[in-house]
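Working notes, structure below.
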Amino acid sequence: MSALLQIDRLGKRFGGFVALESIDLAVAAGERVGLIGPNGSGKSTLVNCIAGALRNESGSVTFDGKRLDGLAAHSRTRLGLARSFQLPKPFHSMTVAENLHVPALYTVNARHGQHLSHAEIDRRVEHVLTQVGLQEKANRRPRDLTQIEMRKLELARAMTADPKLLIADEAMAGLSHSEVDDILALLMRLNAQGVTVIMIEHIMRAVMTFSQRLVVLVAGRKIADGAPEDVVRNPEVVKAYIGE
Amino acid sequence: MPYIPTRYFCLIAAVITVAIAAASRLVTNDYFFFAGYVVLQYVVMSTAWNILGGYTGYVNFGTAGFFAIGAYTAVVLHKLFAPWLPVSIVAGGVLAGLVGLGMGYLTLRLRGVFFAIATLALAIVLQTLVTNWDFVGGSRGVYIIRPATGPFGHGYIEYLFLTMLVLSTISICVARAIEHSKLGYGLATIRDDELAAEASGVPTLKLKLIATMLSGALMGMCGAPLPYYVTYLDPSSGFNLAFAVNSIAMPLIGGTSSWLGPVIGALLLATIQQIATVTISSALNLLIVGVIMVGFVTVAPNGIIGLFERGGRARRRPAQKEAA
Amino acid sequence: MLSLLVNAIVAGVLLGGFYAAVSVGLALSFGMLDIANLAHPAFIILGSFTAYILNARFGIDPVLSGVLGLPFFYLLGSAIYQIYHFSFERRGEEALQGLSFFFGILFITEVALILIFGVDYRFVTASYIGPSVYIGDAELPLRMLVPFLVAIVMVGGLQLFLSKTFIGRAILAVSQDDLALRLMSIRPRRIKNIAFAISIATASLAGACLIIIQPVEPSIGRDYIGRVFAIVVLGGMGSFPGMLAAAMLIGVMESLTATFYGPSWSPAVAFGFLLLTLAVRPAGLMGR
């Protein structure tokens, strides 16, 4: 069975600095993959290359059988590849609900054979808001939201795009214990509905609970890829994570 | 304020326009039309600028260039076959829109600051081109004979005033229509956070190009009647410093988040300037505008409308550098 | 014909050196600190007019006035950075308002100069304006050679400052990694302040050189916007050697254009390069 997301020998440099070197990764449909690595190891760069925010110099990204070379980020989202941002980037001049209207209008409605009416979009937005627990704040501005609510909005926006694959980039950073559980449950529910999820996190508890497979990135290279229990015992991984 | 669907807005705008046009028939003093033309010109320029500036967040510093494209297109057409004014207006708009598209295509894939720099340089280069082009008079300028009467009887200057009135209404309706449309949502996301917009499926380059074209086209249309208004056009008046700063100052001072801001800014500032130019020199006048603009940008970035709006739209957001 | 070409190239090289002096400040403020200082040309022109006043009133040599003016322009640059930082950088909204702020300053400067000096061209007198040095067939007008030498000294001195002194290296550091600098408990704001102030000071000295090369009037600043940004972008933003190469390239191309097509086309040359660079290789000639 071919992978939903196939990354072959992906490389990215910034001038003389090699951010990513020959990354190979295959993610099957429905999988829960955890991506970990020390700060600066290239995780966000990898996400940006997959999502199209950055252009990789070498290697390729194939999603759902389609090569993504040179495809703009918005087109990738329309194909079903969604991502959330590490630092939440809400649309500040719009309400929470309006924030979700955007992916509904521009992603869902842009797909072939799909056209949601205004009423259907409203319903979809409400549904997502309920799923993440933000329905009370539908008419508020992002600046009125708490940290965790902002994270939820960030995820909600990616969810509204009706993705096949969701990359959650450090969605739990800085949250309290119960808030982490909240987001974890949300991502598990999403996966249960059939969405493939790649979770990038530093919070080991969450990563271990969530992932069926664990991938480790260190200094731009993939050094481990397998079952979580095995990966954490890998000596190279342990070396990279002294003190974690 | 209750939401008025765009078609009713345009209907109301059309009615108001007809009313003003009818009322102006009663005016006998031509000075009213001369001054009114200038004020309305700025309404168009500010509204046009704001489509790209306020709605999308991309600054155009070369408004004088797009405006001049319209003016000089009219000059060329006039010398070739002296067409009906609306023809020149459309031609000016189309040409300016195309230039906007071309320049946008080259620079809009990069950060906003590069687009801004390119617009600034564009205006200067266009001025260089015109100064070297003898057909439109080069640096010596060109004389255009203004007909005595317009096509509806009455003076030609009244006809120019009414033309600009119609252009103002068109620009305001276009701006309003964009605001509440899917396009408007998309442009707002580009302004708020372009990366997040792309990630949400917004085709940012395409929308930016559309906004640039619309904005440039409106400015070109606005410039086309100018030769008939001034009757003598040379590069320094076509690329006037006043246009450069006013088109930006007026929306910034009035407020950039909706169609109303540029209109308020234009009406206010243009009227004050018309009165002031009688008493103080035009250079001092421009200096004051520049100082006020810098003042507003620094202290009241949401303009006059922002000062009245509580919990308003484009509120300042905290710097994201603090986090993590 | 050949001697025309040779002279055009020689003049271009001298011009290019001068353009490097004009742009080095922007390489600092925009290339390294990411502050899009659209008003950079305004300070060049202010430097020109300062040299003019000191020369016309007190007969002071323009290069000397440029040097004497450095501390004042440094303070001016520092003040402007404070306002910019306090109002825009800090709040993370540099885009629209920040650009408009600098544009406003550019505009206000030009209009204020028109009010004070009018639109006439102003020039300075000095012993080296007029005579030329000859190397073979090539003529090197002293009025271009002197600014060229001043430019070399200034750019070279700045490069040494950046690579050898503590503050200089801090500036290089802050241009690459704000956070790392903070961890070394050096406040980036202070470093940026110094760097920006230096950029303005260099602009003023370049302005003093400008008025040696040609007469100046207030609106000339606008011709320089396209040039300086083209040179900095083409040179790869923060890179000094790149900027030097770009300045030479544009200087020579402008000189050739002026010689064979007429001087009024010069502003278009730099702009053409700018558009080309932006369209093809935004990282410039020697990108980071």
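A, B, ... follow the sequence lines: proteins, then strands. Residue 1 opens every chain. When reading the values below, keep in mind they use all heavy atoms of this one structure, side chains included, and skip hydrogens, waters and symmetry mates.
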Residue from Ile167(A), Leu20(A), Leu54(A), Val61(A) passing side-chain contact (heavy atoms from CB on, under 4.5 Å) with Leu46(A): Leu20(A)
With a strict 4.5 Å heavy-atom criterion, list every residue of residues 69-84 of chain A that contacts chain B, or say none. Ala72(A), Ala73(A), His74(A), Thr77(A), Arg78(A), Arg83(A)
Part of Leu207(B) within contact of chain A (heavy atom distance under 4.5 Å): side chain
Quick one, Thr45(A) and Phe14(A) - any side-chain contact, counting heavy atoms below 4.5 Å? yes
Spacing of Asn99(A) atom CG and His92(A) atom NE2 [to the nearest 0.5 Å]: 8.5 Å
Nearest-0.5 Å distance that lies between atom CD in Glu170(A) and atom CD in Glu201(A): 6.0 Å
Do Lys89(A) and Phe85(A) form a cation-pi contact, if we require the NZ or CZ to be under 6.0 Å from the six-membered ring centre and within 45 degrees of the ring's axis? yes
Applying side chain to side chain contact (heavy atoms under 4.5 Å, CB included) to Arg205(A) and His177(A), what does each step give before you reach the verdict? CA-CA 10 Å; Arg205(A) 171 174 76 86; His177(A) 194 98; 3.4 Å; yes
